[in-house]
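The structure displayed is predicted, hence computed values, not measured ones.
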Amino acid sequence: MTLYLGDLNTRARGLGTRLLSPDALGRMARTKSMFALQREMRSLGLVSSEGLMTPAALEAEVRGRAAGLLAILVRWCRDARQPVLAVLLEDEERRAIQALLRGAEQAASSESKMSGLLPTTNLPERALRTLAAQPTMEDVVRMLLLWGHPLAPSLTKALGGTRPSLLEVEAALQRAFAERARARAHRGGKELASYVAQTIDLMNLWTVLLHFPERASELADLTFIDGGQTIDRELFDELLGQDSIQDVQRVAGKAFQGSSIGAALSVQGRPLSSLEGAVLGAQLQEQRRAARTRPEGPAPLVLFFLELRAELLNLRRIIWGKALEAPAALVESEMVGT
């Protein structure tokens, strides 16, 4: 039975009005210095400190604000609809865990591992910082298991081999998320199930793009996640068989033809570094249309999560763009959903 989401959607729409407007983001991008940026952020209620803050400290303030908005939504949903909300929460946690695992494998700094992450009730800021401080993948998984995170048991199994790779652990993470999400998505209606299938499609696509240099037949057997609506095993194999990343994007764009995601993938010459934002922007377009035409469905709830993710990404680009003295026009051109 599909659960009623009307009041939850109303709360999500209300929280969405607290997110920054394109004009506010543009003003921040056009500030002349880090001091001016912090002053603008203070005027918008993003930071409270009068002293000059580091980019990492500013980003931490931004994460805290996002976590506060998300916590309001979680407190509102204290009933049988929690599994529906958990689908979206665990997607953010999957993304965070994957980034932290990659950061540990690459010996990245704790602050760089934290960049762009959205704290949730299961993985609040303190937990993310603890995970970011772990030196190895095994240590990250050990902490998750100690805390009883629902995705941790699958990661533990993946680490059971003699020399587990990042690829194996990421595949286990994605498969565990997909199984849990598919099992609960139907309670939010067919549109939430469709969104989960799209998420699985994008997970498969990113697996091909991120691991393209090491592609092999064994890669497909290990990493393909069933449950998408566009990328089946046959297409996954076809993507792995392309000669270049550009060819992967071209073939994937044709598979998604007629959708906003297809349009984003079909842009010629788009570097991989900007593709994540382009695809997120396409998802925002789709959910905004759905929220207007089918407001009783899960689209307003999904849209809030995507807009919150986009705001974090935009603020991260503004903060670090200003710190690195990047041209304001370049920063504005890379912002998502504005």
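Within the 4.5 Å cutoff, the side chain of Thr156 has no heavy atoms near those of the Leu144 side chain. Looking at heavy atoms from C-beta onward, Leu73 lies out of side-chain contact with Leu69 at the 4.5 angstrom threshold. Glu307 has its side chain out of reach of Gln287: every pair of non-hydrogen atoms, C-beta onward, lies at least 4.5 Å apart. Using a 4.5 Å cut-off on side-chain heavy atoms (C-beta onward), Leu70 and Phe304 make contact. When side chains are defined from C-beta on, Phe256 counts as touching Ile231, because their heavy atoms get closer than 4.5 Å. Val84 has its side chain out of reach of Leu8: every pair of non-hydrogen atoms, C-beta onward, lies at least 4.5 Å apart. Counting heavy atoms from C-beta outward, Leu89 and Phe305 have side chains that approach closer than 4.5 Å. Put simply, the side chain of Glu170 does not reach to within 4.5 Å of the side chain of Leu210, judged on heavy atoms.
For the pair Asn9 (side chain) and Ala299 (backbone), a donor-acceptor distance under 3.5 Å is absent. In this structure, Asp247 contributes its side chain and Gln242 its backbone to no donor-acceptor pair below 3.5 Å. Ser115 places no side-chain N or O within donor-acceptor distance of the main-chain N or O of Ser112, the cut-off being under 3.5 Å. Although no hydrogens or angles enter the test, the distance criterion places a donor-acceptor pair under 3.5 Å between the side chain of Thr207 and the main chain of Met203. A donor-acceptor pair under 3.5 Å links the side-chain atoms of Lys322 to the main chain of Thr31, judged by distance alone. With Glu61 contributing its side chain and Ala57 its backbone, the two residues share no donor-acceptor pair below 3.5 Å. One N or O on the side chain of Arg42 and one on the backbone of Ser49 form a donor-acceptor pair closer than 3.5 Å. Side chain of Asn314 to main chain of Met335: no donor-acceptor pair is present (N/O by atom type, distance under 3.5 Å, no hydrogens or angles). For Gln283 (side chain) and Ile261 (main-chain N/O), no donor-acceptor pair under 3.5 Å exists by modelled atom type. With hydrogens and angles ignored, the 3.5 Å screen pairs no side-chain donor or acceptor of Arg288 with any backbone N or O of Leu303.
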Evaluate the criterion side-chain contact (heavy atoms from CB on, under 4.5 Å) for residue pair Leu265 and Leu205; output intermediate values, then yes/no. CA-CA 11 Å; Leu265 291 171; Leu205 177 59; 3.8 Å; yes

Begin from the C-alpha positions of Met53 and Met41 and carry the test side-chain contact (heavy atoms from CB on, under 4.5 Å) through to its verdict. CA-CA 11 Å; Met53 300 170 67; Met41 292 178 73; over 6 Å; no

Assess whether side-chain contact (heavy atoms from CB on, under 4.5 Å) is satisfied between Val302 and Glu191, documenting all intermediate values. CA-CA 10 Å; Val302 174; Glu191 290 178 15; over 6 Å; no

Apply side-chain contact (heavy atoms from CB on, under 4.5 Å) to Tyr195 and Glu286, showing your working. CA-CA 10 Å; Tyr195 174 74; Glu286 291 183 352; over 6 Å; no

Going through the checks in order, is the side chain to side chain donor-acceptor pair (under 3.5 Å) test met by Ser274 and Glu334? CA-CA 7 Å; Ser274 66; Glu334 292 183 343; over 6 Å; no

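With a 6.0 Å radius and a threshold of 12 heavy atoms from other residues, nucleotides or ligands, Gln257 has its CD atom at or below the threshold. In the displayed structure, Arg18 atom CZ is contacted under 6.0 Å by at most 12 heavy atoms of other residues, nucleotides or ligands. Within 6.0 Å of CD in Glu325 there are 12 or fewer heavy atoms belonging to other residues, nucleotides or ligands.
Rounding to the nearest 0.5 Å places CD of Gln98 at 11.5 Å from CG of Leu117. For the atom pair Leu240 CG and Thr223 OG1, the distance stands at 6.5 Å (nearest 0.5 Å). One distance of note links CG of Leu312 with CZ of Arg65; it measures 9.0 Å at 0.5 Å rounding. Rounding to the nearest 0.5 angstrom, the gap separating the CE atom in Met34 from the CD1 atom in Ile319 is 7.0 Å. Rounding to the nearest 0.5 Å places CZ of Arg27 at 11.5 Å from CD of Glu332. How far CD of Gln82 is from CZ of Arg187: 10.5 Å, rounded to the nearest 0.5 Å.
Closest of all the heavy-atom pairs between Leu192 and Pro298 is N-CG, 3.6 Å. Across Leu155 and Leu151, no two heavy atoms sit closer than the pair CG-O, 3.5 Å. Scanning all heavy atoms of the two residues, the minimum distance from Ala264 to Arg270 falls at O-NH1, 2.7 Å. Val140 approaches Leu131 most closely through the heavy-atom pair O-CD2, 3.6 Å. Across Leu235 and Ala255, no two heavy atoms sit closer than the pair CD2-CB, 3.6 Å. Among all heavy-atom pairs drawn from Pro119 and Ala67, the shortest one is CB-CB, 3.8 Å.
Residues Ser154 and Arg175 have side chains that never bring a donor and an acceptor to within less than 3.5 angstrom of each other. Using modelled atom types, one finds a donor on one side chain and an acceptor on the other under 3.5 Å when comparing Glu59 with Trp320. With hydrogens and angles left out, the side-chain atoms of Thr120 and Glu93 include a donor and acceptor closer than 3.5 Å.
Note: the hydrophobic cluster containing Leu222 does not contain Met137 (ILVMFWY, side chain heavy atoms under 4.5 Å, direct or indirect links). Both Val248 and Val251 belong to a common hydrophobic cluster when Ile, Leu, Val, Met, Phe, Trp and Tyr are linked at side-chain heavy-atom distances under 4.5 angstrom. Both Leu219 and Ile245 are members of a single hydrophobic cluster when ILVMFWY side chains are connected at heavy-atom separations under 4.5 Å. A continuous path of hydrophobic side-chain contacts links Leu88 to Ile72 [ILVMFWY only; heavy atoms under 4.5 Å]. No chain of hydrophobic side-chain contacts below 4.5 Å, direct or via other Ile, Leu, Val, Met, Phe, Trp or Tyr residues, connects Phe177 to Val279.
A salt bridge links Arg184 with Glu90; the closest basic N to acidic carboxylate O contact falls under 4.0 Å. A salt bridge is defined here as a Lys NZ or Arg NE, NH1 or NH2 lying under 4.0 Å from an Asp or Glu carboxylate O, and Arg129 with Glu125 meets this definition.
When each of Asp226, Asn204, Asp221 is paired with Arg233, the side chain to side chain donor-acceptor pair (under 3.5 Å) condition holds for Asp221 and for no other.
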